[in-house]
Amino acid sequence: MIPPDHPRYRSLMVRERLARCAEAGVVALEGLAAHGRGEAFDYLIGERTTPSALLAARTAAAMLLLAENPVISVNGNTAALAAREIGELQRASGAAVEVNLFHRTEERIRRITRLLEEEGVVVLSGEAERLLPLSHDRAWCLPQGIGAADVVLVPLEDGDRCAALAAMGKRVIVVDLNPLSRTARTAALTIVDEVTRALPHVTAACSDLDPAEAAALITSMDNAYLLRTAIDEIITRLSHALD
Ligand code: PTJ
């Protein structure tokens with residue numbers, strides 16, 4: 001039992017949830033290691049949404065709203081951490097939701113789908129096909145989902161699928177706490193923020209952006225600037241660490 005007055009209560013509760021979801025076959029064991037890397041970067045950015053991450057979240061909303069076929073791609077970690085937030089974003093943006101896994105088994109797809117549906121997410125179903133030029137199982141996706149998407153939001157992604165999607169002409173938005181990752185540098189837009197903090201900002205912006213602001217955000221989008229700003233935040237925090 002984790003005492004609520006523990007200074008790292010929230011972080012410990014999140015770890016406990018992920019451990020339970022790993023036992024239930026939703027989160028891959030490798031997903032626990034991926035979470036640890038995310039935690040380390042979150043510590044470095046101060047466990048808060050930075051102004052540049054907020055700008056990225058609003059730009060992501062603009063991209064989703066102006067897309068013809070937006071799709072949110074969900075893996076085990078994202079489902080375990082943010083099923084409710086995915087449902088809220090789906091309702092605000094009109095995006096389709098598809099489960100796409102690195103450590104893919106039909107059983108995990110079923111369990112993750114059930115977890116998402118319990119939180120009100122409408123999950124695409126159908127016959128997946130090997131549509132992406134990748135040697136691993138993230139290549140499997142639905143022709144009417146990621147296959148037909150023009151904009152794909154992928155929280156906690158690994159870089160090569162991001163590159164494959166971009167090479168197919170799709171605009172990829174990622175949520176990744178690591179501004180140095182290949183994924184972050186390959187995406188059209190990177191939100192350097194923790195997924196449960198980032199998604200509600202995207203959802204809120206879907207409701208309050210007017211068309212002129214949405215168009216302006218897309219015109220001025222600059223992923224290199226967003227990544228540089230995130231790295232500058234980390235450098236500033238580190239340089240004041242012992243003040
Ligand atoms: O469920 P599966 O089978 O699709 O597998 C999912 C994992 C996460 C195991 C798989 O996609 C993977 O190995 O991912 P990577 O390559 O480790 O990348 C995950 C990225 O997400 C890392 O750069 C982490 O820093 C980042 N990350 C981890 N937790 C969070 C996060 N970013 C935002 N919010 C988090 N909570």
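Read the numbers this way: they start at 1 and go in the same order the structure lists the ligands and their atoms. Values below: every heavy atom of this structure, side chains too, minus hydrogens, waters and symmetry copies.
Looking only at heavy atoms of the protein, atom 17 (O) of ligand 1 is closest to Ala34 CB, 3.4 Å. Protein heavy atom closest to atom 5 (O) of ligand 1, with residue, atom name and distance, is His103 CD2, 3.7 Å. The nearest heavy-atom contact from the protein to atom 31 (C) of ligand 1 is Leu156 CG, 3.6 Å. Annotation: atom 32 (N) of ligand 1 to nearest protein heavy atom, Leu177 N, 3.3 Å. When only non-hydrogen protein atoms are considered, atom 26 (C) of ligand 1 lies nearest to Asp176 OD1, 3.4 Å. Given atom 6 (C) of ligand 1, the protein heavy atom at minimum distance is Asn75 ND2, 3.6 Å. If you check which protein heavy atom lies closest to atom 34 (N) of ligand 1, you get Val195 N, 3.0 Å. Of the protein's heavy atoms, Glu157 O, 3.3 Å lies nearest to atom 18 (O) of ligand 1.
Here Arg108 has side-chain heavy atoms under 4.0 Å from ligand 1, and that is the only part of it that gets that close. Contacts of Leu81 with ligand 1, taken as heavy-atom pairs under 4.0 Å, involve the side chain alone.
Not a single ring pair (Phe, Tyr, Trp, His ring centres under 6.0 Å) links His103 to another residue, sequence neighbours left out.
For atom 10 (C) of ligand 1, the nearest non-hydrogen atom from the set Glu194, Glu30, Arg138 belongs to Arg138.
Under the 4.5 angstrom side-chain criterion for Ile, Leu, Val, Met, Phe, Trp and Tyr, the cluster partners of Val152 are Val71, Leu132, Leu134, Ile146, Val154, Leu165, Met168, Val172, Val174.
Judged by the shortest distance from any of its heavy atoms, Asp42 lies outside the 4.0 Å radius around the atoms of ligand 1.
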